[in-house]
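Below is one structure, written out as structure tokens, with a few remarks after it.
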Amino acid sequence: MTIESRKTTRRRFIATMATASAALALPAMPARAQKGKELVFAGFGGAYQEGQVKALFEPFEKETGIKIVATTGVELARLKAQVASRNVEWDLISLPDRLRYTANLDGLLEKLDYSRFSVADILPQTVSEYCLGGVTFAAQLTYNSELFSGASAPVTWRDCWDTDKFKGRRGMLSSVTYLMEFALLADGVPKDKLYPLDVERALKSLEKFKRTAVWWTQFPQVEQMLLSKEIVMTPWTRGVTSQLAGKPIRVSYDGAAISYEGWVIPKGSKNYDQAIRFIEFAIRPDRQAELTKYIAYGPTNKKALPLIAPNVLELLPSAPKNFNAGFLFNGEWWGPNLAKVTERFNEWKLS
């Protein structure tokens, strides 16, 4: 694959972000696939799913003749209802690690047949019986580079918590995943000692921002808040995309929460063989490298790394220096704890 220049890469990212809001006209409800000829994919929409269509779905159809019908609206409750009724409409899902544990525990997924292809080059942390990592992504410290740059830029979560040295209003994700970890890192917990999370210690650390931060809930709103300087820094997952698009936004991977989204097949899928064939296709190095042209998520196949434009690769979570600087988000811990930690967090916000 030809490595593109920085200018070309930025143009592609700008084009992707400009069209994201009007991205595919995806049906709200899943369609029923024609057995052997189609696969119904359920995803989360937006720029990521648009990239999946361009880098994965359309080339797969061209190579195999199997069409992928892309839908949105992934909810475990809907999947559970489909499995319980033995009327499974979805054939393929790209599922975040934080949901994988629960889906597996509830018996909603098929085992993947690894005898059909090799996963020797895939990040081992993303390989399990029921799920195979397709992309890595990260929640990082993200800041406005017009306010902080060079030696004066924040690097660690302690820096984010240091409002005397790094002045300005913070943004905070109004959700427990990632936030608890960052609060503990800011309070001095080593990244290899995070789990099991000390929730009360994390909440005590967050008291600093309880009344002063902008507690945001929608990921797309963060860029505008940073650019307008309503906030000066925040945890976020899309800072790399903004940076590649030429915006004055930068990220630090020091203490970043690195997670993954993986391919799963719903229990009772009527097109298991075709879904396995797609997964084999989607983890190929050339396909994973192609996807990085549309969304700033990292590959899970190490052989994809040399195929990615260097200026993009250096900012992706899969790059070894970034992967080592962060920590691996623990979906195994969050799976059984998410509900009760969320309840405690909501109580804390109201207190």
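Count residues from 1 along the sequence. Being a predicted model, the structure only gives us computed values, none of them experimental.
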Measure the spacing between [atom1] of [X] and [atom2] of [Y] and express it to the nearest 0.5 Å.
X: K37; Y: T64; atom1: NZ; atom2: OG1; result: 13.5 Å
X: M180; Y: L185; atom1: CE; atom2: CG; result: 12.0 Å
X: E314; Y: N322; atom1: CD; atom2: CG; result: 8.5 Å
X: Y253; Y: L141; atom1: OH; atom2: CG; result: 12.5 Å
X: D198; Y: K193; atom1: CG; atom2: NZ; result: 14.5 Å
X: L109; Y: L79; atom1: CG; atom2: CG; result: 6.5 Å

Among side-chain atoms of [X] and [Y], is any donor-acceptor pair under 3.5 angstrom?
X: S94; Y: W263; result: no
X: S174; Y: K349; result: yes
X: N337; Y: K340; result: yes
X: S205; Y: W161; result: yes

Verdict with reasoning, E261 to R98, per salt bridge (charged side-chain N to carboxylate O under 4.0 Å, His left out): CA-CA 9 Å; E261 199 164 289; R98 67 182 185 275; over 6 Å; no
| task | Give a yes or no on whether a salt bridge exists between K229 and E146, defined as a side-chain N under 4.0 angstrom from a carboxylate O. | result |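 A salt bridge links K229 with E146.
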Checklist line | Pairing of R284 and E63 as salt bridge, 4.0 angstrom limit | finding: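 Answer for the salt bridge query: yes.
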Exercise for review: Quickly, which of F327, F329, W236 forms a ring-ring contact (aromatic ring centres under 6.0 Å, His included) with Y178? Name it, please.
Suggested key: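 That would be F329; it is the only one of F327, F329, W236 passing the ring-ring contact (aromatic ring centres under 6.0 Å, His included) with Y178.
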Given Y48, which of Y294, Y297, F137 fulfils the ring-ring contact (aromatic ring centres under 6.0 Å, His included) condition?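 For Y48, the ring-ring contact (aromatic ring centres under 6.0 Å, His included) check succeeds only for Y297.
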Would you find more than 12 non-hydrogen atoms of other residues, nucleotides or ligands less than 6.0 Å from K303 atom NZ? no
With a sphere of 6.0 Å drawn around NZ of K80, does it hold more than 12 non-hydrogen atoms of other residues, nucleotides or ligands?
no
Under a single-linkage definition using a 4.5 Å side-chain heavy-atom cutoff for Ile, Leu, Val, Met, Phe, Trp and Tyr, are [X] and [Y] assigned to the same hydrophobic cluster?
X: L179; Y: L197; result: yes
X: F323; Y: V135; result: no
X: F44; Y: L108; result: yes
X: V232; Y: M172; result: yes
X: I122; Y: L328; result: no

Minimum-distance pair of heavy atoms, taken over all atoms of [X] and [Y]:
X: P299; Y: T292; answer: CD-CG2, 4.4 Å
X: S252; Y: P154; answer: CB-O, 4.2 Å
X: T142; Y: G239; answer: CG2-CA, 4.0 Å
X: D254; Y: V155; answer: CB-O, 3.4 Å
X: N144; Y: L226; answer: ND2-O, 2.7 Å
X: I93; Y: P266; answer: CD1-CG, 4.0 Å

Residue pair P235 / Q140, side-chain heavy-atom distance below 4.5 Å: no
With Y260 as partner, the option from D97, T136, T126 fulfilling side chain to side chain donor-acceptor pair (under 3.5 Å) is D97
Test side-chain hydrogen bond (donor to acceptor under 3.5 Å, both in side chains) applied to Q224 - qualifying residues, sequence neighbours left out: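 Residues passing side-chain hydrogen bond (donor to acceptor under 3.5 Å, both in side chains) with Q224: none at all.
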Does [Y] offer a backbone N or O that forms a donor-acceptor pair with the side chain of [X] under 3.5 Å?
X: E89; Y: Q82; value: no
X: Q288; Y: N301; value: yes
X: K191; Y: G326; value: yes
X: Q49; Y: T71; value: yes
X: R170; Y: G168; value: yes
X: W215; Y: F209; value: yes
X: S145; Y: F148; value: no
X: E207; Y: K204; value: no
X: R201; Y: A183; value: no
X: E290; Y: A55; value: no

Please determine whether salt bridge (charged side-chain N to carboxylate O under 4.0 Å, His left out) holds for the pair R100 and E332, giving the CA-CA distance in whole Å, both sets of side-chain angles, and the decisive distance to 0.1 Å.
CA-CA 9 Å; R100 172 194 59 83; E332 295 291 329; 2.8 Å; yes
Discussion item. Applying side chain to side chain donor-acceptor pair (under 3.5 Å) to S269 and D91, what does each step give before you reach the verdict?
Written reply: CA-CA 5 Å; S269 165; D91 298 304; 3.0 Å; yes
Next on the checklist: Looking at W348, I'd like to know if the NZ or CZ of K210 sits under 6.0 Å from its six-membered ring centre while staying within 45 degrees of the ring's axis.
Outcome noted: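 Geometry flag: set, cation within 6.0 Å and 45°.
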Next on the checklist: Taking the ring of W333 and the ring of Y101, is the distance between their centroids below 6.0 Å?
Outcome noted: no
Subject >> Derivation and outcome, side chain to side chain contact (heavy atoms under 4.5 Å, CB included), residues F219 and E223 >> reply: CA-CA 8 Å; F219 282 81; E223 181 180 87; over 6 Å; no
- Query: Can you list the steps and then say if L39 with V69 is a side chain to side chain contact (heavy atoms under 4.5 Å, CB included)?
  - Reply: CA-CA 6 Å; L39 290 170; V69 180; over 6 Å; no
Qualifying side-chain hydrogen bond (donor to acceptor under 3.5 Å, both in side chains) pairs, either residue in residues 106-116, two or more places apart:
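For residues 106-116: K111-E129, D113-S115, D113-R116, R116-D273.
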* How far apart are the C-alpha atoms of D162 and K165, what are their side-chain angles, what is the distance that settles it, and do they pass the side chain to side chain contact (heavy atoms under 4.5 Å, CB included) test? -> CA-CA 6 Å; D162 188 346; K165 183 177 180 181; 3.4 Å; yes
### Query
Could you give all pairs that pass the ring-ring contact (aromatic ring centres under 6.0 Å, His included) test and reach residues 50-84, with sequence neighbours left out?
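Checked against ring-ring contact (aromatic ring centres under 6.0 Å, His included) - neighbours excluded - the pairs reaching residues 50-84 are F41-F57, F57-F278, F60-F278, F60-F281.
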Review point. Given the rule in the salt bridge (charged side-chain N to carboxylate O under 4.0 Å, His left out) test, do E200 and R344 qualify, once you have shown the distances and angles that lead to the verdict?
Key: CA-CA 9 Å; E200 294 306 316; R344 177 68 187 99; 2.8 Å; yes
For this session: Evaluate the side chain to side chain contact (heavy atoms under 4.5 Å, CB included) criterion for residues E61 and I66: first the C-alpha distance (whole Å), next the side-chain angles of each, then the deciding distance (0.1 Å), finally the verdict.
Result: CA-CA 5 Å; E61 180 180 1; I66 301 170; over 6 Å; no
